**Q** 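Handing you this structure, nothing more for now.
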Amino acid sequence: MKFAYFYASSPEIEFPEMLGVAPMHAILSVQTEQFPSYVDLALNVAIIEIISGEPFWLDVKIYHDGKEVKSTKDEYQPFRRASYTSSNNDFVARYSFLDNFLAEMPGTYTFIAKIYEGATPKGDDEADNYVHQAECSIVIAKEWR
């Protein structure tokens with residue numbers, strides 16, 4: 001299993017009634033009027049080389065200036081998803097998740113997504129089935145011109 005892509009997009013979703021449609025545009029920047037400020041995003045991933053029926057789970061961590069920023073989400077549940085199977089039984093899937101976090105100050109925020117094989121672990125000692133990772137970044141500022 002591995003990521004085909006991973007990107008952040010606006011939480012303003014086009015065609016909300018069509019759950020299979022991924023958000024249309026990746027974003028580079030977010031504007032907020034003050035700091036600290038809570039920021040809403042949609043995180044979008046596509047995973048390829050999935051073995052149909054085998055469990056896997058995703059984890060996303062957020063970093064700013066090398067320090068972890070806590071998401072307000074305890075776990076990521078997709079609000080949009082689509083999956084496809086080829087005539088050769090290749091299985092691929094696309095997921096979109098909403099995220100929210102406190103941006104303490106302006107700057108670059110990096111999201112690191114990891115795929116793990118197996119069931120969701122109950123603790124860090126069970127999170128040893130790491131398979132692949134991807135990252136994306138955005139810049140948050142008070143004003144963009």
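On a predicted model such as this, the values are computed, not experimentally measured, just so you know.
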**Q** Do Leu41 and Ile138 touch side chain to side chain, with heavy atoms closer than 4.5 Å?
**A** yes
**Q** Return yes if some donor-acceptor pair links the side-chain N/O of Asn44 with the main-chain N/O of Tyr7 below 3.5 Å, else return no.
**A** yes
**Q** About how many Å separate CZ of Phe97 and CD of Gln77, when rounded to the nearest 0.5 Å?
**A**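 So the gap between those two atoms works out to 8.0 Å.
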**Q** Over 60° means perpendicular and under 30° means parallel, so tell me whether Phe101 and Tyr109 are parallel, tilted or perpendicular.
**A** tilted
**Q** Rounded to the nearest 0.5 Å, what separation is found between the OH atom of Tyr63 and the CD atom of Glu68?
**A** 4.5 Å
**Q** Please determine whether the number of non-hydrogen atoms from other residues, nucleotides or ligands lying under 6.0 Å from atom CD of Glu33 exceeds 12.
**A** no
**Q** Without swapping roles, check the side chain of Trp144 against the backbone of Ser29 for a donor-acceptor pair under 3.5 Å.
**A**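 Looks like no, no N/O pair under 3.5 Å.
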**Q** Which distance, rounded to the nearest 0.5 Å, do you find between the OG of Ser71 and the CG of Leu43?
**A** 8.5 Å
**Q** Using atom types as modelled and distance alone, determine if a side-chain donor or acceptor of Thr110 lies under 3.5 Å from a backbone N or O of Ser137.
**A** no
**Q** Restricting to non-hydrogen atoms, name the atom on Ile112 and the atom on Glu135 that form the minimum distance, rounded to 0.1 Å.
**A** CG1-CB, 4.0 Å
**Q** When you measure from the side chain of His132 to the backbone of Phe3, do you find a donor-acceptor pair of N or O atoms at a distance under 3.5 Å?
**A**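 Answer holds: yes.
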**Q** Please report the interatomic distance CD(Gln133) to NZ(Lys61), rounded to the nearest 0.5 Å.
**A** 11.5 Å
**Q** More than 12 heavy atoms of other residues, nucleotides or ligands under 6.0 Å from CG of Leu102: yes or no?
**A**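 Yes, because the 6.0 Å sphere around CG of Leu102 holds more than 12 heavy atoms from other groups.
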**Q** Would a distance-only check, ignoring hydrogens and angles, find a side-chain to backbone donor-acceptor pair under 3.5 Å from Thr85 to Asn89?
**A**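 Checking the backbone N and O of Asn89 against the side chain of Thr85, no donor-acceptor pair under 3.5 Å is found.
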**Q** Just how far is it from atom CZ of Phe91 to atom OH of Tyr84, taken to the nearest 0.5 Å?
**A**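 Those atoms lie 11.0 Å apart.
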**Q** Would you sort out whether Ile50 and Val92 count as a side-chain contact (heavy atoms from CB on, under 4.5 Å), showing the intermediate values?
**A** CA-CA 6 Å; Ile50 300 170; Val92 298; 5.6 Å; no
**Q** If hydrophobic clusters are built by linking Ile, Leu, Val, Met, Phe, Trp and Tyr wherever their side-chain heavy atoms come under 4.5 Å apart, do Phe35 and Val69 end up in the same one?
**A**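 Both belong to a single hydrophobic cluster.
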**Q** How far does CZ of Arg81 sit from CZ of Arg94, to the nearest 0.5 angstrom?
**A**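 CZ of Arg94 is found 12.0 Å from CZ of Arg81.
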